[in-house]
Number of protein chains: 2
Amino acid sequence: MREVAIVGIGQTPVREHWDRSLKQLAVDSILSAMADAKVEKVDALYVGNMLSYELAGQENLGAVIADQAGLYDIEVSKIEAACASGAAALRAGIIAVAGGAQEVVVCCGVEKMTDFLTDTVSQGLATAADWEAETLHGVTFCGLNALLMQRYMYEYKVKHEDFAGFVVNAHQNGISNEMAMYRNPITFEQYNKAVEVTAPITLLDSCPICDGSASVVICPLERAKEFTDKPVKITGSSCAYERVAVAARKDILFFEGVYKSAQKAYQQAGRGPKDINIFEPHDAFTIITALSLEACGFAEKGKAVNLAREGKISLGGELPITTMGGLKSRGHPVGGTGIYQVIEVVQQLKGQAGKNQVKDCSVGMTQSIGGAGTVVVTHILEV
Amino acid sequence: MREVAIVGIGQTPVREHWDRSLKQLAVDSILSAMADAKVEKVDALYVGNMLSYELAGQENLGAVIADQAGLYDIEVSKIEAACASGAAALRAGIIAVAGGAQEVVVCCGVEKMTDFLTDTVSQGLATAADWEAETLHGVTFCGLNALLMQRYMYEYKVKHEDFAGFVVNAHQNGISNEMAMYRNPITFEQYNKAVEVTAPITLLDSCPICDGSASVVICPLERAKEFTDKPVKITGSSCAYERVAVAARKDILFFEGVYKSAQKAYQQAGRGPKDINIFEPHDAFTIITALSLEACGFAEKGKAVNLAREGKISLGGELPITTMGGLKSRGHPVGGTGIYQVIEVVQQLKGQAGKNQVKDCSVGMTQSIGGAGTVVVTHILEV
């Protein structure tokens, strides 16, 4: 299989975009990525999206968005993997380019969530859980993650305040990211006083509902120089999953899907946790960040919160995470997030991360999760 | 890229399955296809589905269905391309196997539509059209196809009764197919007396809403003999699309997406219309059958109805179509249909089509369409 490179990136700010439709947001990021790669023509469009059925009355998004973008004579596809949809669309594009089915491809993630009331959006997001075992009985994603966080705190004798570092770090990094939704710092005091949503999860453990789209242009590495002087290689790309219903899992405090997905990506790239210079985890809730760091091999079980406490996840630390704000501060337009993460790592690897630039950064990893740790897409990027 | 073969098939009857959930239907066909291929382990599952968000409260179907089927340690993906979702899932699987990302893969199409009232289902199906230009204004799919049929009849001086042959043929072929939803013959008289739905489309121009799932196991052709004595080669696989909004098209009576998709598949297979022994078109409405036959090169513009009138589409004719009942008689569980079509061609190519067996059948073509001719997936299969 061919090596694959990212040669163009494009993103909209993450906001409440009252004046842009789902289609317009997607087109904005697609055309921006194509302009960045200086391509006028691509061979295929892969779209990642989760909630357009409910929130835009629109399916068939591959064709709908290609049409709106004026991209004709191409192959189109829409991939859905809950909150990992954007990353899954990139993975589909990589498989096609690596295998020879396509040459130059745009992978776009998009979500428009703020036109509806929160309960509608929460119901929509809950379709990523197991309907029969979980959703039917009224559990939301916040509820499922609250159960995980409660158990984590009990099992490892960790306090709620121990998670604060993840949020403080994310918001600190989001300040300089013009694309971020929330560019205000959060103090430890604010975190500890935040209003509870579902105990023990508070408002500040949770990422926001928002609108946004991000796209990348990929091509065979051997052709990357046609489009850019600084291609970024995709050395690892994987998808794995574990039991959907949390109650069906052997150990609810070990994200097996995250573990398997990370291991596959490490193996492909010939890398291990120690080689990763920056990591963009799926920090939709602070407990997910902790469990992801552990299952990826960055911390022992029950110890991930120490990384935050000891400052190891900051821009100057051993393993900077959420370097541009993460899902918490940049925002989590669910189908878009997987590509936002990849773009941010690309910026870091190319030395284009501005005030948030991590020094000596040549290997980065992104991870998107759909469901409560269920389906996991991991990418390792290198220059 | 590697050649790819189908080595196992599985399908549920197309019915109103009051006693089986979406997940159960999918698992039924997956396990049946795996049993047919005598495989206990696969490397990936690609699921095609359109309406599970609305009709089952369930997204994340890749993981959800793999979990229910007891398939762990695999990659999962869900693809949505409106009514072509099943065929698009097969195409995603083919790309992965041909390119080397996967070895043995199950591609599953599934839809469960009959738990809800027809207006909910019609609204759901309408999300395949352009929301802003079409659906918002109240046009359903039946309405869009009625506009096409009306124009076709006006432009080519064709009468409504000229379409009867498509329906009579489909139902005649469905009688012997135990998997078919409607196994009753339809006479020309019945067709001509059928109740109007949206003029000029009548009930008997339209395929039924129903439940069902179909799956195939694919692998590299070079490994096919491990699983079956009679592999079926996939010699052509393509996806193309055209403008979503019907009013935006240059010529609404020429399905450009169908044309492009067919041309790509012909080119890959080194085949042309004359080489195709049987064709499974997307006969959701009789007008779609006519326009598809024309855009695929089987008939000149305005002349497809002649094929039916002259008996050329029957099992003994020059180009047998809907050989196991088609969408009209076998039924159209939308996300499942693309794989049902492929299974039926596999049965024909292997000489396992029973009373419906077409003689000297070695090259078959299937075509699935999402939207009113919008996104089109074509496969050419050969023995």
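Letters A, B, ... mirror the listed sequences (proteins, then strands); counts begin at 1.
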Between CD on residue B:E132 and CD on residue A:Q68, distance to nearest 0.5 Å: 6.5 Å

Which heavy atom of B:A101 sits nearest a heavy atom of A:I95, and at what distance? CB-CG2, 3.9 Å

Name the member of B:L61, B:D67, B:V64, B:V244 that forms the most heavy-atom pairs with chain A at distances under 4.5 Å. B:D67

May I ask you to name which of A:G124, A:C83, A:G62, A:A44 has the most heavy-atom pairs under 4.5 Å with chain B? A:G124

Given B:Q58 and A:T127, is the side chain to side chain contact (heavy atoms under 4.5 Å, CB included) satisfied, shown in steps? CA-CA 4 Å; B:Q58 188 69 69; A:T127 60; 5.5 Å; no

Region of B:T374 that comes under 4.5 Å of a non-hydrogen atom in chain A: side chain

If we define contacts as heavy-atom pairs under 4.5 Å, which of B:M50, B:R2, B:E54 has the most with chain A? B:E54

Under a 4.5 Å cut-off applied to non-hydrogen side-chain atoms, are B:I74 and A:Y241 in contact? yes

Among B:A126, B:S77, B:A56, B:A248, single out the residue with the greatest number of heavy-atom pairs under 4.5 Å to chain A. B:A56

For chain B, which residues from residues 84-93 of chain A have at least one heavy atom closer than 4.5 Å to it? A:R91

A:K264 and B:D73: CA distance, side-chain angles, deciding distance, salt bridge (charged side-chain N to carboxylate O under 4.0 Å, His left out) verdict: CA-CA 11 Å; A:K264 277 201 230 180; B:D73 293 321; over 6 Å; no

Quick check on the interface: out of A:A66, A:A96, A:S21, who has the most heavy-atom pairs with chain B under 4.5 Å? A:A66

Option in A:K78, A:E242, A:Q123 with maximal non-hydrogen atom pairs under 4.5 Å from chain B: A:K78

Any side-chain heavy atom of B:Y53 sitting closer than 4.5 Å to one from A:L51? yes

Need one label for B:Q102: side chain, backbone, both or neither, based on atoms under 4.5 Å from any heavy atom in chain A. side chain

Evaluate the criterion side chain to side chain contact (heavy atoms under 4.5 Å, CB included) for residue pair A:V377 and B:E75; output intermediate values, then yes/no. CA-CA 10 Å; A:V377 180; B:E75 172 149 7; over 6 Å; no

Side chain to side chain, A:V375 and B:V76, heavy atoms closer than 4.5 Å: yes

Say you draw a straight line from CD1 of A:I79 to CD of B:E80; how long is it, rounded to the nearest 0.5 Å? 10.0 Å

Among A:A128, A:G100, A:A82, which residue forms the greatest number of heavy-atom pairs with chain B at distances under 4.5 Å? A:A128

Heavy-atom pairs under 4.5 Å with chain A are the metric here; pick the option from B:G257, B:G57, B:A81 that has the most. B:G57

Flag the one option from B:K23, B:M1, B:R243 with the top tally of heavy-atom pairs under 4.5 Å to chain A. B:R243

A:E222, CD atom: more than 12 neighbouring heavy atoms under 6.0 Å: yes

A:F141 atom CZ: more than 12 heavy-atom contacts under 6.0 Å: yes

